[in-house]
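The structure appears below as structure tokens.
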Amino acid sequence: MGTTTSQAARPAKVGPGADMPGTGRQGRPRRRRPMGVQNAAGWLFSTPFLVLFTVFMAFPILATLLMSFTDFGLRNVTRPWEANFIGFENYTELFGDEKFLRSLFNTAYFVVVGVPLTIALGLVVAVLLNNGIDRARTFFRVGFYAPVVTTIVAVAVVWRFVLDPSDGLVAGLFSEVGLTAPDFLGSETLAMPSMIAMAVWRNVGTVMVLFIAGLQAIPTEVREAARLDGAGVWQEFRGITVPLLRPTLLYATVITTIGYLNVFEEPFVMTQGGPSDSTLTVSLNMYREGFNFFHMGYASAMAYVLFVVIMGITVLQLRLLKDNTK
């Protein structure tokens with residue numbers, strides 16, 4: 001048997017005779033791929049995404065913007081070049097349209113009431129599941145999160161039957177105590193609160209998961225130090241938990257607000273915008289104008305007004321809440 005070792009098993013050279021980093025044998029520099037080749041490879045791997053993004057995202061967004069300045073209608077579907085350019089006429093007409101203003105108010109109502117309820121309830125549930133409940137904690141987490149992964153149309157249909165004034169579950173509970181259940185979805189006063197309750201019930205699971213992740217990231221040493229200093233449960237929650245959860249609170253508030261501003265499925269399935277347009281939202285109004293009445297240009301202008309509103313509110317939230325996260 002030979003006494004020499006294989007080259008792969010030899011120890012690395014150290015000292016003056018060792019190879020310098022970036023060099024090969026006998027000190028010769030290693031060949032690196034030219035930067036152009038690396039860039040080309042990166043663009044090649046990115047091409048499928050870029051093609052899909054351009055075809056299904058960038059082009060429709062740009063086309064919608066152009067359509068908002070035209071009278072694009074059903075007649076222009078096959079001949080879009082015949083649409084007439086009308087400038088800002090669609091936008092000026094929007095703010096004189098009572099139906100659009102009503103839908104804008106309804107959407108604001110949905111957001112102003114629904115977002116705080118969702119955030120507050122999600123935070124309470126997260127704190128309870130993280131600290132207050134020891135047994136079957138996983139079961140409760142799955143139970144609260146289950147509505148999130150359920151199709152929104154299925155959820156809306158179930159809630160419509162639950163709130164049915166004649167044969168629904170709520171009507172049965174009212175009849176057990178000798179009362180008559182109100183028509184929740186047929187009342188101008190109760191229809192929007194009923195949809196908000198359903199939206200909060202469905203989305204609280206998402207917020208709960210975010211807050212649980214934020215709570216578990218808080219160092220236990222901070223909580224223990226506060227308890228040693230005599231802080232109670234409420235003092236610990238207000239002085240430690242909430243301040244350290246502000247980044248999570250920012251993210252949860254922004255994504256929940258954006259989702260509620262785009263509310264469409266709930267009124268579409270449950271009320272069709274009624275009664276008397278009391279649940280008509282901007283997204284539902286946009287759908288009607290574009291696909292029921294084929295006022296494509298007008299609907300496009302409506303879409304960009306909603307886009308500007310979403311952008312403005314998001315920037316405002318980021319500035320107000322981000323300052324507190326530093």
Side-chain angles (χ1 to χ4, degrees), residues 98-122 124-125 140-209 255-293 299 302-303 306:
E98 294 183 1
K99 188 177 289 291
F100 172 74
L101 296 178
R102 180 68 184 273
S103 68
L104 198 62
F105 172 80
N106 292 338
T107 304
Y109 177 25
F110 191 90
V111 171
V112 170
V113 177
V115 172
L117 285 176
T118 305
I119 298 297
L121 186 58
V124 170
V125 173
F140 284 107
R141 289 181 181 179
V142 173
F144 280 108
Y145 192 74
V148 179
V149 297
T150 306
T151 307
I152 179 60
V153 175
V155 171
V157 169
V158 170
W159 271 74
R160 187 176 63 184
F161 283 108
V162 168
L163 297 177
D164 187 272
S166 56
D167 300 322
L169 175 63
V170 176
L173 295 176
F174 271 79
S175 63
E176 289 294 329
V177 294
L179 300 175
T180 302
D183 188 359
F184 290 97
L185 300 180
S187 169
E188 294 184 27
T189 305
L190 298 177
M192 184 60 80
S194 300
M195 286 202 311
I196 292 174
M198 189 270 286
V200 171
W201 171 81
R202 182 175 185 271
N203 292 283
V204 73
T206 302
V207 178
M208 174 202 72
V209 170
I255 64 170
T256 305
T257 303
I258 293 175
Y260 281 14
L261 283 169
N262 286 287
V263 58
F264 170 77
E265 292 89 348
E266 291 87 342
F268 179 77
V269 176
M270 297 176 69
T271 62
Q272 289 292 315
S276 302
D277 293 334
S278 60
T279 59
L280 180 67
T281 61
V282 175
S283 295
L284 180 58
N285 194 16
M286 185 195 317
Y287 171 83
R288 285 182 175 179
E289 292 292 337
F291 297 100
N292 288 352
F293 307 125
M302 202 177 298
L306 180 60

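Excluded from the calculations below are hydrogen atoms, water molecules and symmetry mates; all remaining heavy atoms, backbone and side chain alike, are included.
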Shortest non-hydrogen contact from [X] to [Y]?
| X | Y | result |
| --- | --- | --- |
| Thr279 | Gly273 | OG1-C, 3.0 Å |
| Val111 | Leu261 | CG2-CD2, 3.6 Å |
| Arg102 | Ser278 | NH2-CA, 3.4 Å |
| Ala199 | Phe110 | CB-CZ, 3.5 Å |
| Ala191 | Pro275 | CB-CD, 3.9 Å |
| Ala181 | Ala171 | CB-CA, 3.6 Å |

Please report the interatomic distance [atom1]([X]) to [atom2]([Y]), rounded to the nearest 0.5 Å.
| X | Y | atom1 | atom2 | answer |
| --- | --- | --- | --- | --- |
| Met302 | Phe100 | CE | CZ | 6.0 Å |
| Thr107 | Asn285 | OG1 | CG | 9.0 Å |
| Asn203 | Ile152 | CG | CD1 | 7.5 Å |
| Ser283 | Leu306 | OG | CG | 5.5 Å |
| Leu284 | Glu289 | CG | CD | 10.5 Å |
| Thr257 | Asn262 | OG1 | CG | 11.0 Å |

Subject >> Test side chain to side chain contact (heavy atoms under 4.5 Å, CB included) applied to Tyr260 and Val112, Val200, Thr281, the passing residue >> reply: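 Passing option: Val200.
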Subject >> Option among Asp164, Val162, Val158 that satisfies the side chain to side chain contact (heavy atoms under 4.5 Å, CB included) test with Leu169 >> reply: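 The option that passes is Val162.
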**OP:** Taking the side chain as every heavy atom from C-beta outward, state whether Met270 and Met198 have any atom pair closer than 4.5 Å.
**Re:** yes
**OP:** Report yes if the side chains of Arg160 and Leu185 come closer than 4.5 Å at any heavy-atom pair, otherwise no.
**Re:** yes
So does [Y] get a backbone contact from the side chain of [X], meaning a donor-acceptor N/O pair under 3.5 Å?
| X | Y | answer |
| --- | --- | --- |
| Ser187 | Thr189 | yes |
| Asn106 | Asp277 | yes |
| Arg202 | Ala156 | no |

Original post:
Parallel, tilted or perpendicular: which describes the rings of Phe268 and Phe264, with under 30° parallel and over 60° perpendicular?
Top reply: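 Plane angle under 30°, so parallel.
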**OP:** Fit a plane to each ring of Trp201 and Trp159, take the angle between them on a 0 to 90° scale, and name the class: parallel (under 30°), tilted (30 to 60°) or perpendicular (over 60°).
**Re:** tilted
**OP:** Apply side-chain contact (heavy atoms from CB on, under 4.5 Å) to the pair Met192 and Val113, showing each step before the final yes or no.
**Re:** CA-CA 10 Å; Met192 184 60 80; Val113 177; over 6 Å; no
**OP:** Go through the steps for Val170 and Phe174 under the test side-chain contact (heavy atoms from CB on, under 4.5 Å), then give the verdict.
**Re:** CA-CA 6 Å; Val170 176; Phe174 271 79; 3.5 Å; yes
